[in-house]
Amino acid sequence: MKTTNTISTLTLATASIFFVACGGGSSTSPATGVSTSKITGTVPGTLIEAFCDDGSYAKVSSVKNGTDKHPFEIIVPNNTQCKLLMTTNENDANNRVITPIGFVKTSSTGTTLKLNDDIDLGNIPLSLNYADVADGNNDHVVDSPLNVNLNNTAPAEVSDTKVRSYDKDDDGHIDVYQDKDNNGVVDAYDDDNQDGIANIDEDKNNDRRPDYLEDDDKDGVLNYRDDDDNNGRADYTDDDDNDGIENHVDNDDRNGNDNDNDNDRDGNDDDDRR
């Protein structure tokens, strides 16, 4: 079994902030005009995600550099509660290791971080072998967070504050890293539209945010959990007008909206029409 580790970090202050992360992954930048901070560090080959309470989301991959310490940087909004998850072997379903990151600063310990400047987490020794981690329910999410020990002067607040934009269950965990349909795979790595591409990697409208994390009908329920017609499929993957185009990217009236229209004026989005 893998025990929770605690590692030390450094702080980093820089004069300029960039919205494009160095890892080669995609990132949803905070809204224009929002001040941001950069989280950096090194990891083994890893996918890094940030889920923040203002609704922003960022995803980057660490940069291969011929060593076992690959650098990464990821941008988050300032003064906003964010949680980090890091995944090794993300493309290997049998050996995937999903690790929630915790933080320790003086007497505070938690999995939520609020920054007001850039920070360097140092090297984070994530496990590369699923057989070595503790995972009681076999969902490939490590049972306990890997704690990073922050410098006492780090420009960060640490807590267990819930990131409710991505924690609708209000249980302190990011919803997409739970197994809603009890199929043994967390929702991020499900394949809602059964096209062979995991939810986390699907961005058909090219807005640099995975389709399953959008809210097409703006009802406060993210796409992957929204099934207004109760047909057992997420509405964004349906094809209501049978034209071979999924609702999420179907804009027949060319008004710039897809399936959040209300053409029958019944107060519901058009996914209610069958």
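You'll find the side chain of D135 reaches within 4.5 Å of the side chain of N137, heavy atoms only. Within the 4.5 Å cutoff, side-chain heavy atoms of D175 are placed close to those of R225. Using a 4.5 Å cut-off on side-chain heavy atoms (C-beta onward), T99 and T87 make no contact. Looking only at side-chain heavy atoms (C-beta outward), V158 and L113 come within less than 4.5 Å of each other. For the pair V76 and I39, the minimum side-chain heavy-atom distance is below 4.5 Å. The shortest side-chain heavy-atom distance between L85 and I174 falls under the 4.5 Å cut-off. Contact check for T40 versus D118: no side-chain heavy atoms found under the 4.5 Å cut-off. Under the 4.5 Å side-chain criterion, counting only non-hydrogen atoms from C-beta, I101 is in contact with M86.
Side chains of E49 and Y57: a donor-acceptor N/O pair is present below 3.5 angstrom, by distance only. Side-chain contact check for N65 and T67: at least one donor-acceptor pair (N or O, by modelled atom type) lies under 3.5 Å. Donor-acceptor pairing under 3.5 Å is recorded for the side chains of N205 and E214. Donor-acceptor pairing under 3.5 Å is lacking for the side chains of D139 and Q178. Side chain to side chain, N223 and D215 fail the donor-acceptor criterion of an N or O pair below 3.5 Å.
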- Message: For a side-chain contact (heavy atoms from CB on, under 4.5 Å) check, start with the C-alpha distance between I98 and V142, then their side-chain angles and the critical distance, and finish with the verdict.
- Response: CA-CA 6 Å; I98 302 162; V142 178; over 6 Å; no
(Q) Using the rule given for side-chain hydrogen bond (donor to acceptor under 3.5 Å, both in side chains), can you reason through N247 versus D239, listing the C-alpha separation, both sets of side-chain angles and the distance that settles it, and then say yes or no? (A) CA-CA 5 Å; N247 292 343; D239 175 17; over 6 Å; no
Next item on the list: Start with the C-alpha gap between D187 and D181, add the side-chain angles, then the distance that decides, and say whether side-chain contact (heavy atoms from CB on, under 4.5 Å) holds.
Entry: CA-CA 8 Å; D187 299 335; D181 53 6; 4.2 Å; yes
message = Between V163 and T112, is the side-chain contact (heavy atoms from CB on, under 4.5 Å) condition met? List the steps.
response = CA-CA 8 Å; V163 177; T112 305; 4.3 Å; yes
Checklist entry - Do H70 and T46 pass the side-chain contact (heavy atoms from CB on, under 4.5 Å) test, and can you show the C-alpha distance, the side-chain angles, and the key distance before you say yes or no? => result CA-CA 8 Å; H70 300 178; T46 302; over 6 Å; no
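Checked by atom type and distance alone, the side chain of S165 pairs as donor or acceptor with a backbone atom of D53 at under 3.5 Å. Put simply, the side chain of D191 never gets that close to the backbone of A198: no donor and acceptor are under 3.5 Å apart. Checked by atom type and distance alone, the side chain of D167 pairs as donor or acceptor with a backbone atom of G172 at under 3.5 Å. Although no hydrogens or angles enter the test, the distance criterion places no donor-acceptor pair under 3.5 Å between the side chain of S35 and the main chain of N78. Of the possible donor and acceptor atoms, one in the side chain of R209 sits under 3.5 Å from a partner among the backbone N and O of L213. Between the side chain of D203 and the main chain of D207, a donor-acceptor pair closer than 3.5 Å is present. Using modelled atom types, no side-chain atom of N199 and backbone atom of Y189 make a donor-acceptor pair closer than 3.5 Å. Between the side chain of D216 and the main chain of Y236, no donor-acceptor pair closer than 3.5 Å is present. Panel note: side chain D143, backbone G136; a donor-acceptor pair is recorded below 3.5 Å. Without hydrogens or angle criteria, D227 side chain to N231 main chain gives a donor-acceptor distance under 3.5 Å.
For the residue pair A234 and D192, the shortest heavy atom distance occurs at CB-OD2, 4.4 Å. When all heavy atoms are compared, the tightest approach of T88 to S127 is OG1-O, 2.7 Å. Between G41 and D120, the shortest heavy-atom contact is CA-OD1, 3.5 Å. Of all the heavy atoms in D195 and I197, the pair that sits closest is OD1-N, 3.0 Å. The nearest pair of heavy atoms linking S159 to Q81 is OG-OE1, 3.8 Å. Pairing each heavy atom of V104 with each of N149, the nearest pair is O-OD1, 3.3 Å.
Between E246 and K204, at least one side-chain nitrogen of the basic residue sits less than 4.0 Å from a carboxylate oxygen of the acidic one, meeting the salt-bridge criterion. Salt bridge status for D170 with K162: present, with a side-chain N to carboxylate O gap under 4.0 Å.
Atoms OG1 and CD, on T237 and Q194 in that order, are 8.0 Å from each other to the nearest 0.5 Å. Taking CZ from F72 and OG1 from T42, the interatomic distance works out to 7.5 Å, rounded to the nearest 0.5 Å. Here the CD1-OG distance, from I74 to S62, works out to 11.0 Å after rounding to the nearest 0.5 Å. How far OG1 of T36 is from NZ of K38: 9.5 Å, rounded to the nearest 0.5 Å. Annotation: the span from C82 atom SG to Y166 atom OH amounts to 9.5 Å, rounded to 0.5 Å. N79 CG to D54 CG: the interatomic distance, rounded to the nearest 0.5 Å, is 11.0 Å.
Heavy atoms from other residues, nucleotides or ligands lying under 6.0 Å from NZ of K64 number 12 at most.
When hydrophobic clusters are built by joining Ile, Leu, Val, Met, Phe, Trp and Tyr residues whose side-chain heavy atoms come closer than 4.5 Å, directly or via intermediates, V185 is grouped together with L222.
For R96 and Y130, the positive end is not near the middle of the six-membered ring at less than 6.0 Å and at most 45° from its axis.
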